[in-house]
Amino acid sequence: MGKIRVRFAPSPTGPLHIGGARSALFNYLYAKNTGGRFILRIEDTDLERSSRESEENILASLKWLGLEWDEGPDIGGDYGPYRQTERLDIYKKYIERLLAEGKAYYCYCSEEELEFERQECLGRGEVPKYSGKCRNLTPEERKKLEDEGRKPVVRFCVPSNREILIPDKVRGDVVFDSDGIGDFVIVKSDGIPTYNFAVVVDDFTMEITHVIRAEEHLSNTPRQILIYEALGITIPEFAHISLILGSDRSKMSKRHGATSVVQYKEEGYLPEAVVNFLALLGWSPVGEEEVFSLEETAEQFSLARVAKNPAVFDMDKLRWLNGVYIRNCPLPRLAEMALPYMQKGGYISSEPTQDELAWLSLVVTALQEKLTTVGDIIGFMPLFTGDDVVIDGEEQLELLKEDTFLPMITAFCENLSALEDLNPVAVKTLLKGLTKELGLKGKQVYMPLRVALTGQKHGPELDYLISILGKETSKKRLSRTAEQAGLKIPLT
RNA sequence: GGCCCGGUGGUCAAGUGGUUAAGACACGGCCCUUUCAAGGCUGUAACACGGGUUCGACUCCCGUCCGGGUCACCA
């Protein structure tokens, strides 16, 4: 077998969909696993809906996911161009061949005529299918129609009573009957080929060996096979992967939550987590381990272990995986990812100072094991900023009414003021010393202090919390809390 | 509706005629931790239904039901 070549061929009509990302991923994994090449081709024959902006978005999303391609519109390659609208002259050759051989023909039917035919079919209880009435137009008839100003399309002659077999790598053999397929359009009236035609010519001329794509394309495949046969060109291998479903088992759409890759990026998911999750949606590793890097996944990947049944997008599992990657993330990178959120939230200036960055680093350290997405960091910020404390509940208030509370908090403030360098280690030592010095139990120090500082019973480690708050804010918060509890502490 | 593809716990998903039917997420419990989270241990929970074939079916065949895809001058 020659070198394996696979492709991802999105149409640039919107941002990269999560399902598209999975198709791209499976192609990528297959290429890497087999030492083949991963090609990116832009299917922009729908002039109305295609845009460069979408194309750029798709490329950016793929790059973000780490799915680098070997050939594509931006980097070129030996089989270019990689945008269908730039390959029109290539398609033309093949169209003419089909026309000359009588395997395709011009059709002048108007939309109204087609719709009328369709309704008639439906009325008779038949499957709507093009009648093929333009198949045998004489040159005179054609001229007459053209003089009327009609713009023809080119239709493919679908042979009757043919069994079309698709050997599918994930589904096994799938058989279709050509009688269920009407003569379909291969060139639109604007002269641009349709998907079904362009995809065949491109996959052939780009020497694609394996077409791995979503299942929604399965019922298009017999049309494509017919074209391959009419052209007498090599048919690639096919592998149709099942769709991603929303929680209600219908095709994933907006109402199921985020559907585009950029949305996940914006919410603070790590690309490794998204890729890992997507790989697990439809493919399964041999062992029990499920957390893999892209490279590790590629090493193990095989089409034989791709499931046939559609998969529901399990947001909970994605969130869990993202948490795993966040916890394993080196601090500097996590801080870097958190920075934009903090700037947007107004916690850090657009030109961060050294102090701000040091503070951020501390915040990220304190929160690393609590975050599910990087964006979640904003929700924790009230904990670390501002002088106000809202005592949130009776239980909390009770803790402040202990006799030991006032002396403890007073001593704490004194010791804190005396501290030369405020950092988690120093605070930890301080708290230990404080407990010992006052002869208190941990219970009488840690929890009351936490509540006095944050109003809440839960939260990050106190040594980090206090280091992040700083001396002044800590003391301000303590005195306000004391007031709420009806106590007075001297600010030192 | 025609054609096509599916149907193992709530979700993902191993399984390829004989298994105590893995594992992961989620959920419950316990441990750890003077908090939460994380982590460790543990528990609840599944072969859509009905017929065959077979000594034996989750696994093979047929039917039913359910879900999805597709029937465009969109890809």
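Labels below follow one simple rule: chain letters A, B, ... track the order of the sequence lines, proteins then strands, and each chain is numbered from 1.
When the C1' atom is used for both B:rC30 and B:rU44, the distance is 15 Å, rounded to whole Å. When the P atom is compared between B:rC41 and B:rC32, the two are found 15 Å apart, to the nearest whole Å. Separation of the P atoms belonging to B:rA14 and B:rU64 is 28 Å when rounded to the nearest angstrom. B:rC65 sits 23 Å from B:rU53 when the C1' atoms are compared, rounded to a whole Å. B:rU16 and B:rA22 have their P atoms separated by 13 Å, given to the nearest Å. One C1' atom belongs to B:rC5, the other to B:rG9, and the distance between them is 24 Å to the nearest Å. For the P atom pair drawn from B:rC55 and B:rA45, the interatomic distance equals 34 Å after rounding to whole Å. Taking atom P in both B:rA46 and B:rG23, one finds a spacing of 15 Å when rounded to whole Å.
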Dump every N/O contact between nucleotides 44-46 of chain B and the protein below 3.5 Å, one line per pair.
none

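Between A:Arg450 and A:Pro310, the residue anchored nearer the 5' end of RNA chain B, judged by the nucleotide with its closest heavy atom, is A:Pro310. Mapping A:Val306 and A:Ile192 onto RNA chain B by nearest heavy atom places A:Val306 closer to the 5' end of the strand.
Remark: C1' of B:rA14 and CD of A:Gln300 are 14 Å apart, rounded to the nearest angstrom. Between the NZ atom of A:Lys428 and the C1' atom of B:rU33 there is a distance of 11 Å, rounded to whole Å. Across the protein-nucleic acid pair, A:Arg171 atom CZ and B:rG68 atom P stand 16 Å apart, rounded to whole Å. Note: CD (A:Gln224) to P (B:rC71) measures 12 Å, nearest angstrom. Here the P atom of nucleotide B:rC71 and the NE2 atom of A:His217 are 11 Å apart, to the nearest Å. Note: CG (A:Leu218) to P (B:rG6) measures 9 Å, nearest angstrom. Rounded to whole Å, atom P of B:rA38 lies 13 Å from atom CG of A:Asp376.
Residues passing the side chain to side chain donor-acceptor pair (under 3.5 Å) test with A:Glu215: none are found, sequence neighbours excluded. Annotation: side chain to side chain donor-acceptor pair (under 3.5 Å) contacts of A:Glu112 (sequence neighbours excluded): A:Ser110. In this view, A:Ser131 and A:Glu117 satisfy the side chain to side chain donor-acceptor pair (under 3.5 Å) rule, not counting sequence neighbours. Shown here are the salt bridge (charged side-chain N to carboxylate O under 4.0 Å, His left out) partners of A:Asp203, two or more places apart in sequence or in another chain: A:Arg7, A:Arg41. Listed by chain and number, the residues in a side chain to side chain donor-acceptor pair (under 3.5 Å) with A:Glu267 amount to none (sequence neighbours excluded).
The partner of B:rC65, taking Watson-Crick or G-U wobble pairs whose two distances both stay under 3.5 Å, is B:rG7. When both pairing distances are held under 3.5 Å, B:rA21 makes no Watson-Crick or G-U pair with any nucleotide shown. In this entry B:rC71 has B:rG1 as its Watson-Crick or G-U wobble partner, both defining distances falling under 3.5 Å. Nucleotide B:rU33 is matched to nothing when pairs are restricted to Watson-Crick or G-U wobble geometry with both distances under 3.5 angstrom. When both pairing distances are held under 3.5 Å, B:rC27 makes a Watson-Crick or G-U pair with B:rG43. Nucleotide B:rA14 forms a pair with no other nucleotide shown, judged by Watson-Crick or G-U wobble geometry with both contacts under 3.5 Å.
For A:Asp202 and A:Tyr91, the side-chain atoms include at least one donor-acceptor pair closer than 3.5 Å. Judged by distance alone, the side chains of A:Asn57 and A:Ser54 never bring a donor and an acceptor atom under 3.5 Å apart. In this structure, a donor-acceptor pair under 3.5 Å is absent between the side chains of A:Glu43 and A:Tyr195.
Legend: ring pair (Phe, Tyr, Trp, His ring centres under 6.0 Å) pairs involving residues 155-183 of chain A, not counting sequence neighbours, sorted by first then second residue: A:Phe156-A:Phe184. A salt bridge (charged side-chain N to carboxylate O under 4.0 Å, His left out) check over residues 306-330 of chain A, counting only residues at least two apart or in different chains, returns the pairs A:Glu290-A:Lys317. Applying the ring pair (Phe, Tyr, Trp, His ring centres under 6.0 Å) test to every pair with at least one member in residues 436-457 of chain A, sequence neighbours left out, gives no pairs at all.
Taking the side chain of A:Ser284 as heavy atoms from C-beta on, and the options B:rU70, B:rA13, B:rC4, the nearest nucleotide is B:rA13. Checked against B:rG68, B:rC74, B:rG39, the side chain of A:Lys188 finds its nearest nucleotide in B:rC74. Listed nucleotides B:rG7, B:rA75, B:rC36 differ in distance to A:Asn309; the shortest reach to its side chain belongs to B:rG7. Closest to the side chain of A:Lys370, from the set B:rC36, B:rG69, B:rC74, is B:rC36.
If you check every strand for non-hydrogen atoms under 4.0 Å, A:Val153 touches a base. Within the nucleic acid shown, A:Arg319 has no heavy atom closer than 4.0 Å to any nucleic acid atom. No engagement by A:Ser50 is indicated, since no non-hydrogen atom pair under 4.0 Å with the nucleic acid exists. Among the atoms of the strands shown, base atoms are found under 4.0 Å from some heavy atom of A:Glu369. Backbone-only engagement by A:Lys308 is indicated by non-hydrogen atom pairs under 4.0 Å involving sugar-phosphate atoms exclusively. Using a 4.0 Å heavy-atom cutoff across all strands shown, A:Arg249 reaches sugar-phosphate atoms only and no base atom. Within the nucleic acid shown, A:Gly282 comes within 4.0 Å of sugar-phosphate atoms alone, with no base atom in reach, counting heavy atoms only. Residue-level contact check: A:His240 touches neither bases nor backbone, having no heavy atom under 4.0 Å from any strand.
A donor and an acceptor atom sit less than 3.5 Å apart, one in the side chain of A:Ser189 and one in the base of B:rC73. Residue side chain A:Arg49 reaches the base of B:rC74 through a donor-acceptor N/O pair under 3.5 Å, judged by distance alone. Side-chain to base pairing of A:Asn220 with B:rA75: one donor and one acceptor N or O lie within less than 3.5 Å of each other.
Between A:Tyr264 and A:Phe313, the ring planes are tilted. Angles from 30° to 60° get that label.
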Using a cut-off of 4.0 Å between protein heavy atoms and nucleotide atoms, how would you tag nucleotides 19-27 of chain B 5' to 3' with B, S and -? ---SBBB--

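Put simply, CZ on A:Arg477 and OG1 on A:Thr481 are 8.0 Å apart, with the number rounded to the nearest 0.5 Å. Taken to the nearest 0.5 Å, the CG atom of A:Leu294 stands 10.5 Å off from the CD atom of A:Glu299.
Within residues 174-186 of chain A, the residues having any heavy atom closer than 4.0 Å to RNA chain B are, in order of number, A:Val174, A:Val175, A:Phe176, A:Val185.
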Only pairs under 3.5 Å count here: list side-chain donor-acceptor contacts from residues 426-438 of chain A, not counting sequence neighbours, and write none if there are none.
{"residue": "A:Thr429", "atom": "OG1", "partner": "A:Val425", "partner atom": "O", "Å": "2.8"}
{"residue": "A:Thr435", "atom": "OG1", "partner": "A:Leu431", "partner atom": "O", "Å": "2.7"}

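Nearest heavy atoms, A:Ser189 versus A:Val153: N-CG1, 3.6 Å.
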